[in-house]
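Working notes, beginning with the structure itself.
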Amino acid sequence: MAGGPAAAVPYGASPIFDENSLPDKLRNEHSTKQGTWGLLRVLEGTVELVFVDPPSRHVVTIDKPAPIPPGEPHFVRLSGPVKMQVEFYREHPLPERNRSVR
């Protein structure tokens, strides 16, 4: 197939949150339901995505979105002004060559 496999298409997305509107639910441990992948996209600033088990931390930027596997406990930390959104997918959201997280 010319150009490689097609990119995954989101079936939904959260609102765009900033440092003031980000719900406590996302700042505390939570997970997506089984079968649902998340993709954390940062539109401005930087976000730290923290996975609980196994423990790991990932800095998410405009150029480096982060996939969130189904059912994996995680939370986000903010260190300043930010705009972010989570997209939802039924499969891994990134092409194989861009899968550096999880």
Side-chain angles (χ1 to χ4, degrees):
M1 178 163 136
V9 177
Y11 68 82
S14 72
I16 295 174
F17 298 114
D18 64 20
E19 65 278 6
N20 299 310
S21 64
L22 184 68
D24 287 341
K25 178 179 180 177
L26 299 183
R27 296 175 192 257
N28 295 301
E29 185 178 322
H30 65 283
S31 62
T32 59
K33 63 184 176 181
Q34 289 301 323
T36 298
W37 281 84
L39 183 64
L40 176 56
R41 290 196 182 273
V42 172
L43 309 171
E44 292 178 17
T46 303
V47 173
E48 183 180 27
L49 175 61
V50 181
F51 288 98
V52 177
D53 187 27
S56 64
R57 300 177 195 287
H58 306 276
V59 176
V60 186
T61 65
I62 293 169
D63 297 326
K64 189 177 171 192
I68 303 167
E72 289 202 16
H74 63 280
F75 59 93
V76 297
R77 281 195 189 131
L78 307 183
S79 58
V82 68
K83 286 190 180 169
M84 59 166 275
Q85 182 175 42
V86 180
E87 296 175 342
F88 301 103
Y89 296 79
R90 291 187 172 86
E91 60 188 331
H92 197 296
L94 296 178
E96 209 165 311
R97 67 183 176 276
N98 294 339
R99 294 183 184 182
S100 61
V101 175
R102 298 311 260 192

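Throughout, residue positions are numbered sequentially from 1 according to the sequence presented.
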Take Leu26 and Phe17, measure what side chain to side chain contact (heavy atoms under 4.5 Å, CB included) needs, and give me the verdict at the end. CA-CA 10 Å; Leu26 299 183; Phe17 298 114; 3.7 Å; yes

Parallel, tilted or perpendicular: rings of His58 and Phe51 (30°, 60°): perpendicular

Do Ile16 and Tyr11 land in one hydrophobic cluster if side-chain heavy atoms of ILVMFWY residues count as linked below 4.5 Å? no

Within-4.5 Å side-chain heavy-atom neighbours: Leu49 and Val76: yes

Glu44 side chain to Val82 backbone, donor-acceptor under 3.5 Å: no

Could you walk me through whether Tyr89 and Leu39 pass side chain to side chain contact (heavy atoms under 4.5 Å, CB included), step by step? CA-CA 8 Å; Tyr89 296 79; Leu39 183 64; 3.7 Å; yes

So does His30 get a backbone contact from the side chain of His74, meaning a donor-acceptor N/O pair under 3.5 Å? yes

Is a side-chain N or O of Ser14 found less than 3.5 angstrom from the main chain of Gln85, in a donor-acceptor match? no

For the atom pair CG (Asn20) and CG (Asp18), what is the distance rounded to the nearest 0.5 Å? 5.0 Å

Nearest non-hydrogen partners of Pro65 and Val60, listed with the distance: CA-CG1, 4.0 Å

Residue pair Val52, Phe75: steps toward the side chain to side chain contact (heavy atoms under 4.5 Å, CB included) verdict: CA-CA 8 Å; Val52 177; Phe75 59 93; 4.3 Å; yes

Grab the two heavy atoms, one from Gly71 and one from Gln34, that are nearest each other, plus how far apart they are. CA-NE2, 3.5 Å

Does the side chain of Ser31 reach to within under 4.5 Å of the side chain of Glu72, using non-hydrogen atoms? no

In short, Trp37 meets Pro93 closest at the heavy-atom pair CE3-CD, 3.7 Å

Arg77/Arg27 under side chain to side chain contact (heavy atoms under 4.5 Å, CB included): CA gap, chis, key distance, verdict: CA-CA 6 Å; Arg77 281 195 189 131; Arg27 296 175 192 257; over 6 Å; no

In Å, rounded to the nearest 0.5 Å, how long is the span from CD of Glu87 to CD1 of Ile68? 10.5 Å

To the nearest 0.5 Å, what is the distance between OG1 on Thr46 and CE on Met84? 12.5 Å

